[in-house]
Amino acid sequence: MAATVTVRLPDGSERTLPAGATAADLAAAIGPRLAKAALAAKIDGRLVDLRAVLPDGAEVAVVTPESDDGREIIRHSTAHIMAQAVVRLWPGARYAIGPVIDDGFYYDFELPGGAHFSEDDLARIDSEMRKVIAEDQPFVRREHPIDEGLAIFDDQPYKQEIIRAVARGADEVDAAVGTDGASVVSTYENTKAFVDLCRGPHVPSTGRLGHFRLMRVAGAYWRGDVHREQLQRIYGTAWESEAALAAYLHRLEEAERRDHRKLGHELDLFSFPEEVGSGLPVFHPKGGIVRLAMEDYSRRRHVEAGYDFVYSPHITKSSLFEESGHLDWYADAMYPPMTLDDGTQYHVKPMNCPFHILVFRSRQRSYRELPMRMFEFGSVYRYEKSGVVQGLTRVRGMTQDDAHIFCTRDQMAGELSSLLTFVLELLRDYGLDDFWLELSTKPEDKAVGDDDEWEDATEVLRSVAEGRGLELALDEGGGAFYGPKISVQARDAIGRSWQMSTIQLDFQLPQRFGLEYIGADNAKHRPIMIHRALFGSVERFFGVLLEHYAGNLPTWLSPEQVRVLPVRDDHVPYAQGATDRLVREGFRAGTEDASEPLGTRIRRAKLEKVPYVLVVGDDDVAGGTVGVNRRGHDRPERGVPLDELVRLVREDVDMRRRAP
RNA sequence: GCGCCCGUAGCUCAGUGCGGAUAGAGCACCGGACUUGUAAUCCGGAGGUCGCGGGUUCAAGUCCCGCCGGGCGUUCCA
């Protein structure tokens with residue numbers, strides 16, 4: 001055996017160390033600061049402990065806290081000490097799995113006697129964890145043959161189940177296990193009393209941790225299977241520094257501040273009356289105006305883009321959904337039927353497509369009519385499971401900006417391409433401008449439509465996405481059996497992704513409904529159908545915009561665009577005159593009288609996020625001017641001629657200028 | 001659907017641990033006074049089947065059960 005090993009570092013340089021040197025030795029050899037910061041190492045792309053021995057010729061990188069790998073290791077190690085704390089506090093507790101997730105980690109437990117964690121327990125667990133950290137326990141890795149592993153965890157049935165899965169080489173276990181061989185499992189021992197089954201790697205010792213916070217308790221099924229034991233899950237977040245933790249918590253607060261449910265209530269836009277039912281919003285006058293503005297603009301754009309407008313009822317005989325197939329595979333998500341005296345069943349519609357199809361089928365169609373683009377703000381009802389309804393983003397009653405395009409095979413590519421352009425332009429007009437796309441392709445097993453159609457459609461979607469320079473995530477085999485799909489995701493002002501529009505090809509429904517048109521060859525042909533919704537649902541889009549703008553809707557969407565405040569009662573006539581002028585110009589404006597101090601009225605208007613708050617007093621009456629407080633500006637601008645103000649607001653509205 | 005948590009005035013919350021007499025506060029609302037030049041004027045008033053139903057108890061906002069509504073989670077994996 002050679003006396004030295006040579007490894008290559010990320011910068012391309014090489015280091016030679018004595019044989020048997022560990023990753024920690026390498027870090028020390030590079031420099032004392034790195035040695036101190038080092039958490040783990042990556043050898044030939046695989047994350048390992050700092051104590052791992054370096055093989056000769058390997059590519060080695062030292063993992064430090066301020067990296068994705070580093071944070072992941074910190075989170076994983078923090079999950080372990082949480083498990084240790086829980087076992088200390090609840091002797092006999094069983095621990096299942098404790099993986100890393102986005103921004104944090106969780107660990108699943110089963111407490112003795114079927115006990116449950118309460119929110120108060122989090123504080124106890126937290127302080128026990130800090131004791132474990134203060135003890136600076138090492139994470140000692142060991143490898144054991146299967147039977148030895150089973151013996152170590154003889155009172156931990158979940159761990160044993162995992163070990164057996166590893167032994168079987170079960171494919172649900174991460175492939176990394178394979179490098180150890182399925183005959184061996186690894187453990188990490190913190191103390192004699194606490195050993196956990198784990199692939200690793202971990203930080204060298206618990207003293208390296210501490211910037212964490214336990215977030216919440218939740219229930220979760222063992223292995224995600226509803227038929228298995230329900231375990232208690234604790235979620236936490238952990239970071240490399242107090243500052244990073246604080247920044248993360250701040251991001252959460254920011255998201256909370258923007259919560260559309262909260263803003264919707266504060267700004268008196270909508271509510272969810274208990275009397276109506278879960279997931280069924282009602283829009284108040286101010287929210288109604290916002291919707292009106294959103295919908296009107298959408299309608300205008302659809303007219304310009306060559307759509308026809310159709311209307312369809314909210315209920316229909318069940319037979320329509322039998323013909324469409326919805327009742328076969330979608331019944332769970334539908335409201336149950338109502339039965340009339342003669343026994344006929346009716347369903348509230350969960351989708352608009354069958355109606356649009358009937359419009360198409362209402363008479364014989366010629367190829368000259370295609371493409372036909374039918375648009376409807378169609379209200380649909382879906383029986384979402386009670387646990388999933390959430391604000392406006394997941395509701396049981398919603399209005400889709402739904403359209404179905406019927407076209408020939410030859411027109412398909414052109415339609416898809418112009419459609420995607422249309423979607424992106426329209427979403428931009430509403431103020432979203434950071435997009436990425438997800439393309440779901442043909443599922444492996446079964447699919448309707450011929451391969452040629454699938455391939456062609458998929459290719460068009462792909463090329464349009466790429467041509468636009470947009471990020472494209474491929475969801476290989478993730479399409480529905482009836483056609484490929486592209487979904488447009490938008491990132492909002494604080495970087496969160498929302499799924500917005502979907503464009504879905506459908507090779508199935510035209511077939512089920514026997515749709516056809518007469519081609520130039522005087523023969524019957526089957527049209528291709530494209531389903532698409534740009535907002536998804538008006539309600540959801542409303543919620544997304546509200547969060548995106550943190551309630552500061554751009555002027556063109558604001559429920560009240562201008563509020564005029566007279567300084568004293570005797571300024572009211574002038575204020576009213578200004579308001580009348582603004583209303584004549586087509587703006588949403590109002591006067592508030594002077595029965596309260598100006599400061600109070602300004603404050604209220606600002607809290608209500610009115611984009612333009614005008615103050616008029618003696619000087620303005622004399623000069624035909626207004627004092628302008630623009631939302632987002634600290635200082636008012638005095639003495640602005642009314643004409644100038646009208647011009648300003650007009651420009652804001654016409655350009656659909658983004659809110660400050 | 002399931003698990004945990006929550007539901008008190010229009011809103012935000014106190015009171016619930018350990019059951020005890022007319023259930024409190026701030027904001028909002030209504031009335032009056034103040035006549036205001038840029039983020040909370042003063043005084044007064046009204047407002048509650050303590051989510052709903054059932055149970056335990058001499059006594060229930062408080063304890064138990066069911067339902068309704070809401071929040072969070074159900075991020076495949078040692």
Side-chain angles (χ1 to χ4, degrees), chain A residues 76 79-80 83 95-108 116-122 149 153 156 158-166 170-174 176-177 180 185-188 196-200 215-227 229-235 259 261-262 265-266 268 271-280 332 383-391 565-572 593-607 613-620 627-629 634-639:
Chain A
H76 197 181
H80 273 235
Y95 42 112
I97 56 167
V100 170
I101 53 175
D102 286 350
D103 300 329
F105 60 89
Y106 67 79
Y107 215 119
D108 288 347
H116 295 298
F117 292 118
S118 72
E119 298 284 337
D120 296 340
D121 291 330
L122 293 184
F153 293 103
Q156 291 292 337
Y158 300 107
K159 296 296 176 189
Q160 290 196 324
E161 189 172 327
I162 294 162
I163 293 170
R164 289 198 188 92
V166 171
D171 56 9
E172 75 254 35
V173 175
D174 194 282
V177 167
D180 291 332
V185 291
S186 57
T187 61
Y188 280 80
D196 198 354
L197 180 70
C198 187
R199 166 170 84 225
M215 306 297 284
R216 60 178 62 91
V217 183
Y221 297 103
W222 170 234
R223 295 181 105 75
D225 182 347
V226 291
H227 303 297
E229 298 84 337
Q230 173 117 33
L231 304 175
Q232 294 274 298
R233 175 171 298 177
I234 299 177
Y235 284 90
D259 191 318
R261 294 166 299 193
K262 199 174 151 216
H265 175 253
E266 285 170 4
D268 196 15
S271 62
F272 292 87
E274 198 173 315
E275 295 84 341
V276 177
S278 183
L280 298 166
D332 283 354
Y383 188 72
E384 300 284 359
K385 288 187 287 182
S386 69
V388 306
V389 301
Q390 199 241 9
L565 306 179
V567 173
R568 280 191 320 268
D569 272 346
D570 52 317
H571 302 127
V572 167
D593 69 27
S595 60
E596 283 174 292
L598 184 62
T600 304
R601 289 176 286 150
I602 297 262
R603 178 182 147 83
R604 183 163 45 238
K606 295 268 186 189
L607 289 176
V613 181
L614 309 186
V615 174
V616 295
D618 291 334
D619 301 347
D620 299 296
V628 181
N629 296 269
D634 286 340
R635 294 175 167 278
E637 195 180 341
R638 293 278 298 270

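Convention: sequence-line order gives letters A, B, ...; per-chain numbering from 1.
In this structure, A/Lys262 places its NZ atom 16 Å from C1' of B/rG70, rounding to the nearest Å. One atom, OH of A/Tyr107, and another, C1' of B/rU75, lie 17 Å apart when rounded to the nearest Å. Across the protein-nucleic acid pair, A/Lys159 atom NZ and B/rC77 atom P stand 14 Å apart, rounded to whole Å. Atom C1' of nucleotide B/rG37 and atom CG of A/Leu614 are separated by 13 Å, given to the nearest angstrom. The distance from atom CZ of A/Arg601 to atom P of B/rG37 is 10 Å, rounded to the nearest whole Å. Spacing between atom CG of A/Asp618 and atom P of B/rU35 amounts to 15 Å, rounded to whole angstrom units. Between the P atom of B/rC13 and the NE2 atom of A/His265 lies a distance of 11 Å, rounded to the nearest Å. Here B/rG10 presents its P atom at 18 Å from CD of A/Glu266, a figure rounded to the nearest Å.
You'll find that the side chain of A/Val567 is closest to B/rG37, out of B/rG37, B/rC76, B/rC68. The side chain of A/Gln232 lies closest to B/rG3, out of B/rG3, B/rU38, B/rG70. Here B/rU74 is the nucleotide among B/rG70, B/rU75, B/rU74 with the atom lying nearest to any side-chain atom of A/Arg233. Set against B/rU38, B/rG69, B/rU35, the side chain of A/Asp569 has B/rU35 as its closest nucleotide. Closest approach to the A/Glu274 side chain among B/rG37, B/rG69, B/rC11 is made by B/rG69 (side chain taken as heavy atoms from C-beta onward). Nearest to the side chain of A/Val615, among B/rU35, B/rU75, B/rU38, sits B/rU38.
Heavy atoms of A/Asp619 sit under 4.0 angstrom from at least one base atom. Within 4.0 Å (heavy atoms only), A/Arg261 reaches sugar-phosphate atoms of the nucleic acid but no base atom. Within 4.0 Å (heavy atoms only), A/Tyr235 reaches sugar-phosphate atoms of the nucleic acid but no base atom. Looking at heavy-atom distances under 4.0 Å, A/Gly279 makes contact with sugar-phosphate atoms alone, never a base. Nucleic acid contact for A/Val613: none, since no nucleic acid atom lies under 4.0 Å from a heavy atom of the residue. Nucleic acid contact for A/Gly104: none, since no nucleic acid atom lies under 4.0 Å from a heavy atom of the residue.
Going from atom CD1 of A/Ile97 over to atom CD1 of A/Ile162 covers 7.0 Å, rounded to the nearest 0.5 Å. For the atom pair CZ of A/Phe272 and CG of A/Leu280, the computed distance is 8.5 Å after rounding to the nearest 0.5 Å. If you take CZ on A/Arg638 and CG on A/Asp620, they are separated by 6.5 Å, rounding to the nearest 0.5 Å. Rounded to the nearest 0.5 Å, atoms CD (A/Glu161) and CD1 (A/Ile163) are 11.0 Å apart. Atoms CH2 and CG, on A/Trp222 and A/Asp108 in that order, are 8.0 Å from each other to the nearest 0.5 Å.
B/rG45 is paired with B/rC29 under the Watson-Crick or G-U wobble criterion, all donor-acceptor distances under 3.5 Å. Under the Watson-Crick or G-U wobble criterion, with both distances below 3.5 Å, B/rG3 is paired with B/rC72. Remark: B/rU62 base-pairs with no nucleotide in the shown strands. Criterion, Watson-Crick or G-U wobble with two distances under 3.5 Å. Figure legend. B/rC77 is base-paired to no nucleotide; pairs are counted as Watson-Crick or G-U wobble with both atom distances under 3.5 Å. With both pairing distances under 3.5 Å, B/rC34 is matched to nothing as a Watson-Crick or G-U wobble pair.
Scanning atom types as modelled, one donor and one acceptor separated by under 3.5 angstrom connect the side chain of A/Asp620 and the base of B/rG37.
Annotation: B/rG32 and B/rG69 have their C1' atoms spaced 40 Å apart (nearest Å). B/rG61 and B/rU22 have their C1' atoms separated by 15 Å, given to the nearest Å. Between the P atoms of B/rU62 and B/rG55, the separation comes to 14 Å (whole Å). Nucleotides B/rG15 and B/rA21 place their C1' atoms 15 Å apart, quoted to the nearest Å. Rounded to the nearest Å, the gap between the C1' atom of B/rG20 and that of B/rA39 is 46 Å. Taking atom P on both nucleotides, B/rC72 is separated from B/rA28 by 28 Å, rounded to a whole Å. For the C1' atom pair drawn from B/rA25 and B/rA9, the interatomic distance equals 11 Å after rounding to whole Å. Only the P atoms considered, B/rC6 is 14 Å distant from B/rU16, to the nearest whole Å.
Salt bridge annotation for A/Arg568-A/Asp618: present, with a cationic side-chain nitrogen under 4.0 angstrom from a carboxylate oxygen. Between A/Lys159 and A/Asp196, at least one side-chain nitrogen of the basic residue sits less than 4.0 Å from a carboxylate oxygen of the acidic one, meeting the salt-bridge criterion.
When each of A/Arg603, A/Arg604, A/Arg601 is paired with A/Glu596, the salt bridge (Lys or Arg N to Asp or Glu O under 4.0 Å) condition holds for A/Arg604 and for no other.
Scored by the side chain to side chain donor-acceptor pair (under 3.5 Å) test, A/Glu637 finds no partners at all (sequence neighbours excluded).
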Under-3.5 Å N/O pairs linking protein and nucleotides 39-46 of chain B:
residue: B/rA40; atom: N7; partner: A/Arg603; partner atom: NH1; Å: 3.4
residue: B/rA40; atom: N6; partner: A/Arg603; partner atom: NH2; Å: 2.6
residue: B/rA40; atom: N1; partner: A/Arg603; partner atom: NH2; Å: 2.9
residue: B/rU41; atom: OP1; partner: A/Thr600; partner atom: OG1; Å: 2.2
residue: B/rU41; atom: OP2; partner: A/Thr600; partner atom: OG1; Å: 3.3

Exercise for the section: Evaluate the side chain to side chain contact (heavy atoms under 4.5 Å, CB included) criterion for residues A/Tyr95 and A/Gln156: first the C-alpha distance (whole Å), next the side-chain angles of each, then the deciding distance (0.1 Å), finally the verdict. Expected result: CA-CA 7 Å; A/Tyr95 42 112; A/Gln156 291 292 337; 3.2 Å; yes
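Mapping A/Glu384 and A/Gln390 onto RNA chain B via the closest heavy atom, the residue that lands nearer the 5' end is A/Glu384.
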